[in-house]
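Take a look at the structure set out below.
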Amino acid sequence: MTIVNIDDMREAARSRLPKLFFDYIDGGSFGETTLAANRRDFDDLVLEQRVLASGRIPDLATTFFGIRHDLPFMLGPVGFLGLYRGRGEMLAARAAAAAGTGFCLSTFSIASIGSLAQAVTGELHFQLYMLDDRGLNEELLAAAAEARVATLFLTVDCTVTGIRERDVRNGFRSATRPTPAMLASMMMRPAWLVDLLRLGLPAVEALEKHPEFGRGALEQAASLSRRMDRTVSWDDVAWLRSRWPGKLVIKGILSRADAALARQAGADAIVVSNHGGRQLDGAPSTISVLPGIIDHVGRDFDVLVDGGIRRGADIVKAIALGASGVLLGRAYAFALAVGGEAGVAQAIDILRTEIAITLALMGLGSIDELKAAGSSVVRRVGGPT
Ligand SMILES: Cc1cc2nc3c(=O)[nH]c(=O)nc-3n(C[C@H](O)[C@H](O)[C@H](O)COP(=O)(O)O)c2cc1C
């Protein structure tokens, strides 16, 4: 099929991946209302068209986390990329580096941060989930510190996991080894299977010295989910702040009060996120709460956003509403499954082109001009003109 946009990428991923993996990536929690709201609320925003105003090719470079990026978006943390494509974490990180942007490795990854840092020269970030095994948290932090990680993301919206009903139906994440039904679904995707198995059975590299987490990615994933620290609190953020000298980003903020607490706790930035509609079903869309959070926390503080980004225009809307940058999730995970490094490069390219055309049709010459124009160039459908 011809892939023209990110929705096409999603459809191509559906044909390439076993159903249980496609559903794991695509799905949200419970009734998936927040998942749907993330998209719908972008569509409810309109941009201001200006004509005969700019003949320049828009400059997409901008600064977030104190780093100049060639693009206003980076690749956010997505668990188990190495199961959707062999060496998936490395391929995605390479595509990000080639495009002049960052990649954030999830705690839940096949590749370790150490081996990724050796294989890729670009900008790397590491996302930490606090586990109830403090020794392992320390080990992960030490590995991140050694691996020239630009910022540490602490994800705080996952102390309990929302039930993703598609995963329950597929028997995924409760199983510690493939069931006959899972094996049958994998056999139906031979291209995916051959790609993955040529590297041997996947396992979580960071857990090599931790046989208590089990063997093989499936069992390790189930153990990791069980070992998330449910009691994690702002005191732990203070501990992490004192322990991590580099930049600290808190991901998973949806309320003004929590944004202020994150800033008080010494975070350098936050990501407004509802985990892509995978956690609290009924939570508001991220784009709907973004402006209020920025007003509350102050414009001199880095606020990024993710959730439902499928179009360049979504990125333009988020930045007009005050985001310093945007994180991709599913948009690049699907592309990775479809085409590996080239697939992610293609997804990045699609978004880059869409952003450039959107800015040009708005009469804007750069992302920095868009940031300066701010909310004057975006409004709700039916809102005052
Ligand atoms: C399959 C999948 C796995 C994810 N794993 C993680 C993770 O390990 N750590 C994390 O902080 N966020 C994780 N997320 C959330 C993403 O970082 C991001 O918040 C979300 O995907 C944004 O929504 P979008 O996919 O609609 O763009 C995951 C999301 C998906 C779809």
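The figures here come from the full heavy-atom set of this structure, side chains too, leaving out hydrogens, waters and symmetry mates. For ligands, and for the atoms within them, numbers begin at 1 and follow the listed sequence. Remember, it's a predicted structure, so these values are computed and weren't measured experimentally.
With distances taken over non-hydrogen atoms, the option nearest atom 12 (N) of ligand 1 out of Arg310, Arg330, Lys251 is Lys251. If you check each of Gly277, Gly329, Pro77 against atom 14 (N) of ligand 1, the one with the closest non-hydrogen atom is Pro77. The closest heavy-atom contact to atom 30 (C) of ligand 1, among the options Arg278, Gln279, His275, comes from Arg278. Taking only non-hydrogen atoms, the option from Ala333, Gly276, Cys104, Ala331 nearest to atom 23 (O) of ligand 1 is Gly276.
A donor-acceptor contact closer than 3.5 angstrom links the side chains of Glu123 and His69. In this structure, a donor-acceptor pair under 3.5 Å is absent between the side chains of Ser376 and Glu48. If you check the side chains of Thr62 and Asp368, you find a donor sitting under 3.5 Å from an acceptor.
Taking every heavy atom of Gly308 and a limit of under 4.0 angstrom, the matching atoms of ligand 1 come to 23 (O), 24 (P), 26 (O), 27 (O). When each atom of ligand 1 is checked for a heavy atom of Gln127 under 4.0 Å away, the hits are 7 (C), 8 (O), 9 (N), 10 (C), 11 (O). Shown in contact with Tyr24 at under 4.0 Å from a heavy atom are these atoms of ligand 1, numbered in order with element: 1 (C). The contact set between ligand 1 and Gly79, taken as ligand atoms under 4.0 Å from a residue heavy atom, comprises 3 (C), 4 (C), 5 (N), 6 (C), 7 (C), 8 (O).
Considering backbone and side-chain N/O of Leu327, none are found under 3.5 Å from N/O of ligand 1.
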Show your reasoning for whether side-chain contact (heavy atoms from CB on, under 4.5 Å) applies to Asn38 and Asn274. CA-CA 9 Å; Asn38 276 351; Asn274 53 31; 2.9 Å; yes

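Residue contact check for ligand 1: Phe80 places no non-hydrogen atom closer than 4.0 Å to it.
For atom 11 (O) of ligand 1, the closest non-hydrogen atom on the protein side is Thr155 OG1, 2.7 Å.
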